[in-house]
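Notes for the one structure printed next.
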Amino acid sequence: MNPFDSAVMTFVQSGFHNPVTDTIFPAVTYLGESGIFWILLSLLIIALGRKNGWRTTGCLMLAAMLLGLLLGEIALKNIICRPRPFQEMPEISLLIPPPSGYSFPSGHSCASFAAATIIFLKDKRPGTAALALAALIAFSRVFLFVHYPTDVLAGSLLGVLCALAAAYGYRRLFQKKAP
């Protein structure tokens, strides 16, 4: 483990666990499970967003998350093959069932930041709330000892870049202001 990951993991594991956070963060992390919260939100936005271009925003959220899935989950995780923290330190008890697959980059963080960034590009007010939720989901992965901080940072950055790429691609294809 690199010194940055080690320092942050030690700080989080020793300073944030209590009965409240041990209850809240497993629930928060499930919001990012398979991107399901963000996918459902995208579909809801598509279904209800006829006015003011929100339907396009929902489609761009799905496109950004799909790009993140392809680059993060399918490509990078299988190239880098980084074990998860709990696999390298089995003495730490998990609060959730152990996830499968590799650790780098965090898929929860990627999907969350991809969707939240698209919302932010459309409208700063709900976008700020979406980014705050994305940050909580990302933090939950470190808190729950299933990702290293660098996994979460890389996943978050990848999500933002996928959102920007989706918005740019849409603008180039349709020459409209996106999202």
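Side-chain atoms of M65 and S42, non-hydrogen and from C-beta on, do get closer than 4.5 Å to each other. Between C59 and I46, some side-chain heavy-atom pair lies under the 4.5 Å cut-off. Contact annotation: the side chain of L76 approaches that of L158 to within less than 4.5 Å [non-hydrogen atoms, C-beta and beyond]. Side-chain contact between L60 and K122 is absent, with no heavy-atom pair separated by less than 4.5 Å. Side-chain contact between P85 and Q13 is absent, with no heavy-atom pair separated by less than 4.5 Å.
The shortest heavy-atom contact between A114 and A163 is O-CB, 3.4 Å. Between A138 and S109, the shortest heavy-atom distance links the atoms CB-OG, 3.3 Å. When all heavy atoms of P97 and Y30 are compared, the closest pair comes out as CD-OH, 3.2 Å. R55 approaches A47 most closely through the heavy-atom pair NH2-O, 4.0 Å. Closest approach of A134 and A116 over heavy atoms only: CB-CB, 4.0 Å. The two residues A111 and G35 come nearest to each other via the heavy atoms CB-CA, 4.2 Å.
Put simply, NZ on K77 and CG on L69 are 10.0 Å apart, with the number rounded to the nearest 0.5 Å. Rounding to the nearest 0.5 Å places CG of L62 at 12.5 Å from CG of L67. Here the straight-line distance linking atom CH2 of W38 with atom CG of L43 works out to 14.0 Å at 0.5 Å rounding. Taken from CH2 in W54 to CE in M61, the straight-line distance is 8.5 Å, to the nearest 0.5 Å. Separating the CG atom in L71 from the SG atom in C110 is a distance of 7.5 Å, to the nearest 0.5 Å. One distance of note links OG of S106 with CD of E73; it measures 8.0 Å at 0.5 Å rounding.
Within 6.0 Å of atom CZ in F11, 12 or fewer heavy atoms from other residues, nucleotides or ligands are found, so the atom counts as exposed in its surroundings.
For the side-chain contact (heavy atoms from CB on, under 4.5 Å) with S140, the lone residue among L95, T29, I24, T21 that qualifies is T29. Each of V146, I80, V152, D151 was compared with S103 under the side-chain contact (heavy atoms from CB on, under 4.5 Å) criterion, and only D151 meets it.
Here R84 pairs with nothing under the salt bridge (Lys or Arg N to Asp or Glu O under 4.0 Å) rule; sequence neighbours left out. Under the rule for a ring-ring contact (aromatic ring centres under 6.0 Å, His included), the partners of F25 that lie at least two apart in sequence or sit in another chain are F139, F143.
In terms of hydrophobic clustering, with Ile, Leu, Val, Met, Phe, Trp and Tyr side chains grouped at heavy-atom distances under 4.5 Å, F86 and F16 are assigned to a common cluster. In terms of hydrophobic clustering, with Ile, Leu, Val, Met, Phe, Trp and Tyr side chains grouped at heavy-atom distances under 4.5 Å, Y148 and I96 are assigned to a common cluster. L41 and L66 fall into different hydrophobic clusters, where Ile, Leu, Val, Met, Phe, Trp and Tyr are joined by side-chain heavy atoms under 4.5 Å apart, directly or via other members. If you chain together hydrophobic residues whose side chains sit under 4.5 Å apart, L161 and I118 never meet in one group. Linking Ile, Leu, Val, Met, Phe, Trp and Tyr whenever their side-chain heavy atoms come within less than 4.5 Å leaves F104 and L157 in two separate clusters.
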(message) Between F37 and L133, does the side chain to side chain contact (heavy atoms under 4.5 Å, CB included) criterion hold? Intermediate values first, please.
(response) CA-CA 11 Å; F37 170 80; L133 177 58; 3.5 Å; yes
(request) Given side chain to side chain contact (heavy atoms under 4.5 Å, CB included), test L121 with L164 step by step and report yes or no. (result) CA-CA 9 Å; L121 291 173; L164 294 174; 4.1 Å; yes
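Both the sub-6.0 Å distance and the 45° axial angle are satisfied by K124 relative to the ring of F120.
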